[in-house]
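Since the structure comes first, as structure tokens, the remarks are kept for the end.
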Amino acid sequence: MRTIDSFGYEVFDLDTHAEVMMPGEVPYSLSSYLHVIRLKKEQIVEEGLFGEPLSVLRLDIGKSYRFNEIGSRIWDLIREPLSVGEVVNKLLFEYDIDRMTCETEVFGFLAKLSKERLIQFSLSC
């Protein structure tokens, strides 16, 4: 349910964790501008059959990573550069999860991938 408060702000139901903004204002959030870019294809090998956990091997350091179902889905989604917000929106459509939990989990997973240098982040406007 949306209402306009006495200051002219559009207020959203807090249960949905939607942003509060001025009427007609374009939403600005980090997830809209933060893009995820995977490691170069020449540096990784992907293994896994449909429906099985995905394993990713970094050839340059000889380290292997195994993803669960959702981690595998995120890895597939970021095959091409995609904003974090787009990843979250696609997962919200595919899984029964609330936005706040999804964003938290996606950012956490991507932070781990970044720490292992499997991805990098890029800001775009």
Side-chain angles (χ1 to χ4, degrees):
M1 176 177 171
R2 295 191 294 192
T3 58
I4 305 294
D5 72 8
S6 60
F7 297 104
Y9 284 91
E10 192 169 3
V11 181
F12 293 85
D13 183 347
L14 293 178
D15 290 334
T16 65
H17 304 287
E19 296 184 41
V20 177
M21 62 188 76
M22 295 288 287
E25 181 182 7
V26 177
Y28 295 103
S29 69
L30 183 59
S31 66
S32 299
Y33 297 99
L34 191 62
H35 282 73
V36 183
I37 301 168
R38 284 185 9 180
L39 191 65
K40 293 179 183 173
K41 295 175 184 172
E42 303 82 40
Q43 296 175 309
I44 58 171
V45 174
E46 298 177 29
E47 299 174 342
L49 300 174
F50 182 74
E52 292 184 10
L54 177 69
S55 292
V56 174
L57 173 64
R58 269 197 58 188
L59 298 173
D60 57 339
I61 62 171
K63 196 169 182 182
S64 180
Y65 306 88
R66 175 164 274 172
F67 302 148
N68 65 15
E69 174 191 348
I70 296 175
S72 296
R73 180 63 182 129
I74 292 171
W75 184 256
D76 185 53
L77 288 172
I78 62 173
R79 192 168 299 281
E80 297 298 323
L82 203 61
S83 75
V84 175
E86 291 170 312
V87 172
V88 168
N89 288 338
K90 289 177 185 291
L91 293 175
L92 287 172
F93 182 76
E94 296 174 12
Y95 296 93
D96 183 24
I97 187 170
D98 65 276
R99 177 171 292 279
M100 184 64 76
T101 303
C102 188
E103 286 181 353
T104 301
E105 295 295 324
V106 168
F107 270 113
F109 179 71
L110 293 175
K112 289 177 186 176
L113 294 182
S114 176
K115 182 179 177 184
E116 294 295 328
R117 302 191 189 278
L118 290 168
I119 64 164
Q120 63 184 20
F121 294 105
S122 170
L123 287 176
S124 67
C125 299

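Note that CG of Leu118 and CG of Leu39 are 6.5 Å apart. Values are rounded to the nearest 0.5 Å. With values rounded to the nearest 0.5 angstrom, Asp76 atom CG is found 8.5 Å from Leu54 atom CG.
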Could you list the donor-acceptor pairs under 3.5 angstrom formed between side-chain atoms of residues 87-96 and any protein atom two or more places apart in sequence or on another chain?
from: Asn89; atom 1: OD1; to: Arg99; atom 2: NH1; distance (Å): 3.3
from: Asn89; atom 1: OD1; to: Arg99; atom 2: NH2; distance (Å): 2.8
from: Asn89; atom 1: ND2; to: Gly85; atom 2: O; distance (Å): 3.3
from: Glu94; atom 1: OE1; to: Arg73; atom 2: NE; distance (Å): 2.8
from: Glu94; atom 1: OE2; to: Arg73; atom 2: NE; distance (Å): 3.3
from: Glu94; atom 1: OE2; to: Arg73; atom 2: NH2; distance (Å): 2.7
from: Tyr95; atom 1: OH; to: Glu69; atom 2: OE2; distance (Å): 3.4

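Between Thr104 and Phe109 there is no side-chain heavy-atom pair separated by less than 4.5 Å. Side-chain contact check for Val106 versus Val84: some heavy-atom pair is nearer than 4.5 Å.
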(request) Report the C-alpha distance between Phe121 and Leu113 in whole Å, list the side-chain angles of each, state the deciding distance to 0.1 Å, and finish with yes or no for side-chain contact (heavy atoms from CB on, under 4.5 Å). (result) CA-CA 10 Å; Phe121 294 105; Leu113 294 182; over 6 Å; no
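Across His35 and Pro81, no two heavy atoms sit closer than the pair CD2-C, 4.5 Å. Taking each heavy atom of Leu82 and Leu77 in turn, the nearest pair found is CD2-O, 3.5 Å.
Residue pairs meeting the salt bridge (Lys or Arg N to Asp or Glu O under 4.0 Å) criterion with at least one partner in residues 113-123, sequence neighbours excluded, are Lys63-Glu116.
Ser114 places no side-chain N or O within 3.5 Å of a backbone atom of Leu110 that could act as its donor or acceptor partner. Without hydrogens or angle criteria, Glu105 side chain to Cys102 main chain gives no donor-acceptor distance under 3.5 Å. Formation of a donor-acceptor pair under 3.5 Å by the Ser72 side chain with backbone atoms of Asn68 is found in this model. A donor-acceptor pair under 3.5 Å is formed between the side chain of Arg38 and the backbone N or O of Trp75.
Under the 4.5 Å side-chain heavy-atom criterion for grouping Ile, Leu, Val, Met, Phe, Trp and Tyr, Val36 is connected to Leu123 within one hydrophobic cluster.
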